[in-house]
2 protein chains.
Amino acid sequence: MSRGLPSAPGAPTLEDVARAAGVSRATVSRVINGTRNVDQKIQELVRQAIASTGYVPNRAARSLVTRRTGTIALVVCGAGEPRGEVFTDPFFGRVAAGVVGLLRTRGVHPVLMLADTDEARAEVLAFLRQGSADGALLVSTHAKDPLPGMLVDARLPAVLFARPAEPLPISYVDLANHTGGVLAADHLVSLGRQQVVTITGPLDLPNSQDRLTGFREAMARHGHAYVPAAAGNFTQDSGEAAMERLLAEHPGLDGVFAANDLMAQGALLALHQHGRRVPEDVALIGFDDSSAALACRPQLTTVRQPVEDMAAEMARLLLSHIDEPDRRATSVIFEPTLVPRRSA
Amino acid sequence: MSRGLPSAPGAPTLEDVARAAGVSRATVSRVINGTRNVDQKIQELVRQAIASTGYVPNRAARSLVTRRTGTIALVVCGAGEPRGEVFTDPFFGRVAAGVVGLLRTRGVHPVLMLADTDEARAEVLAFLRQGSADGALLVSTHAKDPLPGMLVDARLPAVLFARPAEPLPISYVDLANHTGGVLAADHLVSLGRQQVVTITGPLDLPNSQDRLTGFREAMARHGHAYVPAAAGNFTQDSGEAAMERLLAEHPGLDGVFAANDLMAQGALLALHQHGRRVPEDVALIGFDDSSAALACRPQLTTVRQPVEDMAAEMARLLLSHIDEPDRRATSVIFEPTLVPRRSA
DNA sequence: CCAGCCTCGGAGAGCGCTCTCCCACGTTGT
DNA sequence: ACAACGTGGGAGAGCGCTCTCCGAGGCTGG
C-alpha cells in the first residue's frame with residue numbers, strides 16, 4: 001500500500017484509481033458511492049485498485065459538487081458567563097454525548113462553536129452560509145438569543161434544544177417541563193411535606209417558567225396555595241445563595257424543589273450548613289438527573305430529563321431537515337420521570 | 001442585500017461579484033484574501049459589490065485548491081467507559097473551552113470526535129486523510145492508545161495532551177506532574193500530618209505514575225519512607241471506593257492526596273461517612289483545580305493544572321505544525337501550583 | 001530617448017470530484 | 001428479421017475557487 005500524504009499533492013485521486021483498474025473515473029465513483037449498477041467483476045477490480053493505491057476520496061472536491069459537507073455545527077449559545085463555564089456544565093456534556101452518538105452512525109461530524117457575542121453569532125452564520133456545515137444544532141442558555149431568528153431568516157436548517165422564548169418556525173426538542181414540576185410537587189406532597197419552597201432557574205427562560213408553574217399548580221391542587229420561590233441561574237453557587245435566602249425567610253421549610261441538580265447541590269450545602277438534615281428535616285428534589293445528583297450525599301431524588309436521547313433526536317431532526325429542505329418545523333417533546341433516591 | 005441561499009445553487013459566486021464590480025475574478029479574490037496590492041478605488045468597488053450581492057466564499061471550493069480546511073479534529077480517546085462519561089468530565093470541558101478560545105482567534109474550528117473503538121479510530125484517520133481536517137488534537141484517557149502512533153505513521157499533524165506512554169515523535173503539552181506530587185507532599189508535611197496515604201489514578205498512565213512518584217519521593221525526603229496507595233480511575237466513585245479501602249487498612253490516617261479532584265470528592269464522601277472531619281481529622285488534597293474542588297464542602301485544597309492554558313497551547317502547537325509540516329516535535333510543560341483552600 | 005524594471009489587473013488552467021448525457025451492446029417482442 | 005427497450009460503461013462538463021503567468025502601463029536611470 002503506497003500511501004500518499006493525506007490530501008497533499010501526490011495523493012492518489014480517482015483518476016489514478018481508474019487508471020489502475022483500467023476503467024473510467026465515473027465507474028470508480030459509482031463503485032464508491034454505490035450509485036447505479038456496476039458489474040461484479042469490475043467492482044472487484046476497482047476495489048483492488050483502491051486498496052493498492054491507498055486512495056481516499058477528497059472531501060472538499062466532493063462537497064464542491066454535492067453541496068453537502070457531512071458536518072453540522074453544534075452551537076452553544078452562552079451569554080455573559082466565562083467560557084469555561086458553558087462546556088464544563090455536565091448538561092452540555094450529555095448533549096454532546098447524545099449528538100456524537102447519533103451522528104457517528106450517519107457519518108456526520110459536529111463542529112463545536114460558541115456563540116456568546118454578536119461577532120461569534122455572525123461567524124456561526126457565515127460558517128453555515130459558506131457551506132462549511134449543512135445545518136446547526138443550538139443549545140441556548142439564555143432567553144433572548146437572536147441566533148435562532150437569524151438562522152430562520154437565512155433559511156438554514158437548524159434545530160433547537162428547548163422551545164424558543166419567541167414563537168419561531170423552527171424545529172426543537174424539549175421536555176414536558178410542566179409535567180416535571182408536577183412530578184416534583186406530587187412527590188413532595190406524598191411525603192407529607194407541609195412547608196415547601198422552590199429554587200427556580202432564570203425566569204425569562206420558558207423552561208424555568210414551565211417547571212415553576214407546573215410545580216405551583218400541582219401544589220395548589222394539593223391545597224398549598226402559595227409556594228415561595230427564589231431564582232437562581234442554574235449554577236451551584238446560585239442555588240446555595242437562593243437556599244440561604246429561602247432559609248432566612250422561611251426557617252420552618254421542610255421541602256425544596258430545585259429546578260436543576262446543580263442548584264440542588266448548592267442548596268444541599270446550605271442546608272447542611274444550617275444544620276438541617278436531608279431528607280429527615282428537609283426533603284430535596286433536583287431536576288435533570290445529571291452526574292451531580294449522584295455526587296451528592298444523600299444522592300438526589302430528581303426529575304430525570306433524558307438529555308442524551310433528546311440530543312440524539314435533535315440530531316435526527318436536523319438530518320431530516322437537511323435531507324428535505326422543505327420539511328415543516330416540528331417539535332418533539334419528551335416526558336420526564338421521577339427518579340427517587342435518598343434526598344426526598 | 002439580495003442574499004441567496006447558503007451555498008445552494010443560485011448563491012452568488014466570485015464570478016458574480018466580479019461582474020458587479022466590473023473587474024476580474026482574480027481581483028476579487030485578491031481583495032478578499034488580501035494577497036498582493038490592489039488599487040484602493042478598486043478595492044472599494046469590490047467591497048461594495050460583495051455587500052450588494054451578499055457574497056460568501058464557498059469553503060469547499062477554496063479548500064479544494066488550498067488544501068486547507070480551516071478545521072481541526074478534537075479527538076477524545078475514550079476506552080471502555082460509557083460515552084456520556086467522557087464528555088461530562090469537567091476536565092474535558094476545560095480542554096474544549098481552551099481549544100475553542102484559541103482557535104476562534106485564528107478562524108479555525110474544531111470537529112468533535114470520539115475514538116473509543118478501532119472502528120472509530122479508523123474513522124478519525126480517514127477523516128484526516130481525506131482532508132476534512134488539517135490536524136488533530138488528542139485527549140487520551142488511557143495508556144495504550146494506538147491512535148497517536150497511527151497519526152505519526154500517516155504523517156498527520158497532531159498534538160497530544162499528556163506525554164504518550166511510549167516515546168513517539170509527536171508534540172505534546174503536559175504538566176510537571178512530578179512537581180505536582182511534590183507540592184502536595186510538602187503541604188501535607190507542613191501541616192504536620194503523620195500518617196499520609198494517597199489515591200492514585202490508573203497506574204499505566206504516565207500522569208498518574210509521575211504524580212505518585214513525585215509525592216512519594218517528597219514524602220520520603222521528609223522522613224516518611226512509605227506511603228500507602230490505592231488506585232482509582234479518576235472517577236468520583238473510584239475515589240470513594242479507594243478511600244474506603246485505605247480507611248479499612250489505615251484507620252489512623254490523617255492526610256490524603258488524591259490524584260484528581262473528582263476522586264478527592266469521592267474520598268471526602270467516604271471520610272464523612274466514617275465520621276472523619278476534614279480538615280480537622282484528615283487533611284485532603286486534590287489535583288486539577290476543577291469545578292469539583294469548589295463544589296466540595298470544605299472546598300478542596302488542590303494542585304492546580306492550568307488546563308485551559310494547556311489546551312490553548314496545544315492548539316497553538318498544532319497550528320504551527322500545520323503551517324510548517326517539517327517542524328520538529330516539541331513538548332511544552334506547564335508548572336502546577338498549590339491552591340490552598342479549606343480541606344488541607 | 002529608450003532599455004529595464006516595477007506595479008497591478010486579466011486570462012485561464014487546474015484542484016478532485018459527481019453526474020448528465022450518450023453510446024454500445026445485449027435481450028425481448030412481434 | 002428488425003424495432004424497441006434495458007443495461008452498464010465512458011466522455012466531458014462543470015462545481016467555485018486560487019494562483020501562475022502574462023501583458024499593459026508608468027516609472028527610473030543612463
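Lettering follows sequence order; numbering is per chain, from 1. Since the model is a prediction, treat every value here as computed from it, not as a measurement.
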Using modelled atom types and a 3.5 Å cut-off, is there a donor and acceptor pairing between side-chain atoms of [X] and backbone atoms of [Y]?
X: N33(B); Y: R30(B); result: no
X: T53(A); Y: A49(A); result: yes
X: R68(B); Y: I322(B); result: yes
X: T66(A); Y: R62(A); result: yes
X: D134(A); Y: I72(A); result: no
X: S171(B); Y: T330(B); result: yes

In whole angstroms, how far is the [atom2] atom of [N] from the [atom1] atom of [X]?
X: N58(B); N: dG14(D); atom1: CG; atom2: P; result: 18 Å
X: D39(A); N: dG9(D); atom1: CG; atom2: P; result: 6 Å
X: L64(A); N: dA13(D); atom1: CG; atom2: C1'; result: 13 Å
X: K41(B); N: dC8(C); atom1: NZ; atom2: C1'; result: 13 Å

At a cut-off of 3.5 Å, list every protein nitrogen or oxygen paired with a nitrogen or oxygen from nucleotides 18-22 of chain D, distance to 0.1 Å.
from: dT18(D); atom 1: OP1; to: N33(B); atom 2: ND2; distance (Å): 3.1
from: dT18(D); atom 1: OP1; to: R62(B); atom 2: NE; distance (Å): 2.8
from: dT18(D); atom 1: OP1; to: R62(B); atom 2: NH2; distance (Å): 3.4
from: dT18(D); atom 1: OP2; to: S29(B); atom 2: OG; distance (Å): 2.8
from: dT18(D); atom 1: O4; to: R25(B); atom 2: NH2; distance (Å): 3.1

field: Proximity to DNA chain C (any heavy atom under 4.0 Å), residues of residues 42-50 of chain B only
entry: I42(B)
- prompt: For the side chain of T13(B), counting heavy atoms from C-beta on, which of dG16(C), dA11(C), dG16(D) is nearest?
  reply: dG16(D)
task: Compare all side-chain heavy atoms of R121(B) with those of D145(B) and state whether any distance is below 4.5 angstrom.
output: yes
- request: Kindly say whether the aromatic ring centers of F161(B) and F91(B) come within a distance under 6.0 Å.
  value: yes
query: Want to settle it: does T27(B) or A60(A) sit nearer the 5' end of DNA chain C, counting the closest nucleotide to each?
result: T27(B)
